[in-house]
Amino acid sequence: MIQTFPLLGGVELGGTKCVGLIGTGPSDIRAQATVETGGDPARTLERIGAFFQSWRVEHGPIAALGIASFGPVDLDRCSPTYGYITSTTKPGWSDTDIASPLGRITGASRIGFETDVNAAALAEGRWGAAQGLADFAYVTVGTGVGVGLIAGGRPVIGFSHGELGHIRPVRKAGDDWAGSCPFHGDCLEGLASGSAIEARLGLRAGTVSSDHPVWDLVAHPLAQLLHTLVLATAPRLILLGGGVMNAQPHLFPRIRLELQRSLNGYRVAPELGLAIAEYIRPPGLGALAGPLGALAVAADALAAP
Ligand code: ZN
């Protein structure tokens, strides 16, 4: 007998573009469309909604909708602004309800709402490199630094989602550059993100040669994040993705070594010793992690009691 899965819808809302799609998983994406994230949220959401309306005619209704949004967002289901983008620096998008208009437009009765990085982490757990694991971390190093920390199969959430990209790493001796984060200066994102590297060197991170001394100053704070993750929730796997990691794969061995130096033997586990190359590795879904993240959120929304 052929097993049939319910049709899911997803919207990945990014700072520059939004991807809408329907399907049941990576091997079955029935339709996909991209629109620019304009300065007018209502117009952008309407344009996405129009695709869903035409897909509904062709493919039938979706059983659930998953939204994976840039942040910050309100994930507190008890909050009156649940499903909103809150105080974003993107013009026009602060305090904007995302979940209810998209639910209305797409006709989905079940809706899941997550940060983009949490959603990508959930997709890695469902279909990618972290399949079968309930405790792992997905770190993306791109324009910013984001962390999807999964514990017990769910993203770690309190009054809001985590913002581990803004922890304050111990600085590498001799480096006193002020950092680029508008809030904290030399937080992790202010030192190691693609925008930080560009602010420091005047060069795009992807074009900087692999032997440039800046990479020691990037690997060091990223290893500090991993040090914190290992001590906080002892994840069984740490995936490192995003544009900077993809363009500069030499960062993997540097970060692994820096992490071992930083922990200094305090935690002893195969993951932190001989097996560290398996423990800290790239994600499995590549560029599809974003849109598939939205579908994973939809699948979770459908499975929720
Ligand atoms: Zn910061």
Side-chain angles (χ1 to χ4, degrees), residues 13-16 37 68-76 84-91 93-96 114-121 137-150 155-206 208 214-233 235 238-248 251 254-255 258-259 262 290:
L13 201 54
T16 56
T37 312
S69 177
F70 69 87
V73 294
D74 188 346
L75 299 181
D76 179 358
Y84 278 52
I85 288 178
T86 55
S87 55
T88 179
T89 51
K90 185 167 175 61
W93 286 80
S94 274
D95 305 313
T96 299
E114 268 300 345
T115 67
D116 44 9
V117 66
N118 278 350
Y138 170 89
V139 178
T140 173
V141 188
T143 310
V145 177
V147 182
L149 181 56
I150 307 294
V156 174
I157 289 167
F159 68 86
S160 183
H161 50 86
E163 286 283 5
L164 280 159
H166 292 269
I167 62 169
R168 289 198 180 279
V170 175
R171 295 295 300 268
K172 182 110 175 154
D175 179 30
D176 59 0
W177 183 58
S180 70
C181 176
F183 293 94
H184 316 115
D186 61 352
C187 70
L188 174 62
E189 183 167 296
L191 291 173
S193 64
S195 46
I197 295 163
E198 192 166 342
R200 194 196 275 252
L201 302 181
L203 294 169
R204 290 183 65 81
V208 180
V214 77
W215 297 120
D216 283 338
L217 307 176
V218 168
H220 185 265
L222 285 170
Q224 302 281 308
L225 167 67
L226 270 51
H227 179 127
T228 301
L229 290 171
V230 165
L231 299 183
T233 63
I238 299 177
L239 300 172
L240 289 181
V244 174
M245 294 305 303
N246 294 343
Q248 304 286 352
L251 281 171
R254 290 176 193 264
I255 292 167
E258 286 282 356
L259 173 63
S262 179

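If you're wondering where the values come from, they're calculated on a predicted model, not measured in any experiment. Whatever order the structure lists them in is the order used to number ligands and atoms, beginning at 1.
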Would you say that L226 contacts L240 through its side chain, given a criterion of any heavy-atom pair below 4.5 Å between the two side chains?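 The answer is yes; the side chains approach within 4.5 Å.
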Without placing hydrogens or testing angles, list every side-chain donor-acceptor pair under 3.5 Å for residues 192-199, not counting sequence neighbours.
{"unit_1": "S193", "atom_1": "OG", "unit_2": "T143", "atom_2": "O", "d": "3.4"}
{"unit_1": "S193", "atom_1": "OG", "unit_2": "E189", "atom_2": "O", "d": "2.7"}
{"unit_1": "S193", "atom_1": "OG", "unit_2": "S195", "atom_2": "OG", "d": "3.2"}
{"unit_1": "S193", "atom_1": "OG", "unit_2": "A196", "atom_2": "N", "d": "3.1"}
{"unit_1": "S195", "atom_1": "OG", "unit_2": "T143", "atom_2": "O", "d": "2.7"}

Using 0.5 Å steps for rounding, measure from the CG atom of L229 to the CD1 atom of I238.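 Between L229 CG and I238 CD1, I get 5.5 Å after rounding to 0.5 Å.
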K172 bridged to D216 by N-O distance under 4.0 Å: no
Would you please name every residue forming a side-chain contact (heavy atoms from CB on, under 4.5 Å) with I167, sequence neighbours left out? L164, L188, L225, T228
Y84: side-chain contact (heavy atoms from CB on, under 4.5 Å) partners, not counting sequence neighbours: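 With neighbours one apart ignored, the set is T81, D97.
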Output, by chain and residue number, all protein N/O/S atoms separated from the Zn ion (ligand 1) by less than 2.8 Å.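 Short answer, with waters excluded from the count: H166 ND1, C181 SG, H184 ND1, C187 SG.
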